[in-house]
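Written below as structure tokens is the structure these notes are about.
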2 protein chains.
Amino acid sequence: MPLLVVGSVAIDNIETPTARRDNLLGGSASHFSCAARFFTPVRLVSVVGGDWPQEHTEFLKNRGIDVSGLQVVPSGKSFRWTGRYEPNMNDRETLEVELDVFGKFEPVLPESFREARYVFLGNAAPITQMKVLDQVPGCRLAVADTMDLWIQTTHEDLLQMLSRIDGLVLNDSEAKLLTGSENLVLAGHMVRKLGPKFVVIKKGEHGAMFFGEHETYVLPAFPTEKLVDPTGAGDSFAGGMMGYLAEQDNFDPETLKTAMAYGILVASFSVEGFGLEPIQAITRDDIEERMSEYQKMLSF
Amino acid sequence: MPLLVVGSVAIDNIETPTARRDNLLGGSASHFSCAARFFTPVRLVSVVGGDWPQEHTEFLKNRGIDVSGLQVVPSGKSFRWTGRYEPNMNDRETLEVELDVFGKFEPVLPESFREARYVFLGNAAPITQMKVLDQVPGCRLAVADTMDLWIQTTHEDLLQMLSRIDGLVLNDSEAKLLTGSENLVLAGHMVRKLGPKFVVIKKGEHGAMFFGEHETYVLPAFPTEKLVDPTGAGDSFAGGMMGYLAEQDNFDPETLKTAMAYGILVASFSVEGFGLEPIQAITRDDIEERMSEYQKMLSF
């Protein structure tokens, strides 16, 4: 089943304690799409400026991603982000961020995209995310991401958006911010009561937690010693998870758990190199091999 | 198979954001013993002062713990600790600590304890821990805990102690401090190269990681929303793990993994109330029931 993602594509400059890389293809929708593409066809909707490197679009096309929903605003500038990671590779500082065309993004879906049944709303203003929902009346599973900015500045919009989606994916600090609870288990349940049928809290190197009506569980991250660049790991996680659900065309509790595991594994590959390089270097077989290791790791 | 533990017993005063409790039975060996006792007979060696409440000794006796190795120094004072937890219930501040008799502790094992085959060296000066090892020539499995204080002040002793034990249990910040690595996977392998055949890194609410010669794995904590008092959770973890190994009289890789899971589950109960209250309220059946849930949670 094809999967629709609406979110940012960006140009990233990334500095880690040992290296720096400039002009990488980044953005939530890029990472999400490439991760999901291991499992299912992906349709991407986003916006870039006249400065957008054609090679980035070619990269996505070559991965088999349908970029016919990628708007180009020739007079505008693409979303750029420059960040530096602390030695712990977890905390990071945003050195520069220019939203530009993405800041004024009006998502307009190509006609053929409007029949989407599996939809991921990448991190964007809740009002923008709801404009996407308006255009996909046949949607069976809508999952969204969010961030601290929207929790703090557009709280009412966010609550309205939460009442319209099936699932929310957010990270641990965002869940604490949204609920005021320092206990993640309580926070997860509290977020679910705001509307979504299920909530996934991403904990970075510590894995992810799932909160459904009848299930609460946590799966650990796959332990990798090769942590090069965590940028986009959360989007890769969401891409792997949603990609598997769309592939199975099913989101019963058992499938959701397996999907979360796939998300964790795709994310574990994504941090092993800069930008999308590690994702480009692997195949579905590599993911399946790691899945066998992961399942062995969790059985006793 | 009986299990020997040498470590502190203490009087704890604990303050959380919502409550305060004084004069609780605490100390690494107390928490360890009570956790291990679900699985196997436990022999405890420690020291207290003339001010030690007899009721605490009775509590341990009533749990079936052999306290014939508990030295009493009538002229001395017992180890006391007062701590306050931050709202996140993870960070804590030590408000007062008086080592007293435990600071001068000379572990002398009763004759009948010297045949011990399973030994846990609770957090103490490495030189004290090694004095225990000298007294258990037939030991098959010696596992130790340590802390930042010994890493910083008695580094050479610590390295010598590490070369003499089979396993080391330490928490994430200690592993980073000992190795200088911010990556826990790398840190775990580095600690193992210092001597122990296996290393367990405790990550609190995020579970625990295992590093053996051929195995690296991580198991998540059991998600509990009832976090009342985390004091002693790490010792309860070690007690559950070592208790199961001694019960099985086996420490092959498969048994070690199951043991780590039991440690995680006993620890998950231990945080659900103050001090040793939650441990007192449960039976082995409760642990087995949670084990079934845990295994179900980790399978997909």
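So you know, we letter chains A, B, ... as the sequences are listed, proteins then strands, and number each from 1. None of these values were measured; they are calculated from a predicted model.
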Quick one: pull up CD in E86(A) and CD in E182(B) and give me the separation to the nearest 0.5 Å.
-> 10.0 Å

Segment of M89(A) engaging chain B (4.5 angstrom heavy-atom cut-off) | neither

Is it true that atom CD of E289(A) has more than 12 heavy atoms of other residues, nucleotides or ligands lying nearer than 6.0 Å?
-> no

Atom CG in L219(B), atom CE in M297(A): separation rounded to 0.5 Å?
-> 6.5 Å

For the residue pair E225(A) and L186(B), what are the closest heavy atoms and their distance?
-> OE1-CD2, 3.3 Å

Pick from P220(A), S299(A), G207(A), A261(A) with the largest number of heavy-atom pairs that fall under 4.5 Å of chain B = P220(A)

Honestly, the part of A221(A) sitting under 4.5 Å from a heavy atom of chain B is backbone

Which atoms of M260(A) come close to chain B, meaning under 4.5 Å heavy atom to heavy atom: side chain ones, backbone ones, both, or neither?
-> neither

Most contact-rich option vs chain A, by heavy-atom pairs under 4.5 angstrom, among V218(B), L227(B), L184(B), is V218(B)

Look up atom NE2 in H206(B) and atom CD in E205(A), then write down how far apart they are to the nearest 0.5 Å.
-> 8.0 Å

For residues V185(A) and T224(B), determine if any side-chain heavy atom of one lies less than 4.5 Å from a side-chain heavy atom of the other.
-> no

Chain A contact via K296(B) - side chain, backbone, both or neither, heavy atoms under 4.5 Å = backbone

Is there a donor-acceptor pair under 3.5 Å between the side chain of K176(B) and the backbone N or O of N88(A)?
-> no

Report the relative orientation of the aromatic rings in Y294(B) and F300(A); use parallel for angles under 30°, tilted for 30 to 60°, perpendicular for over 60°.
-> tilted

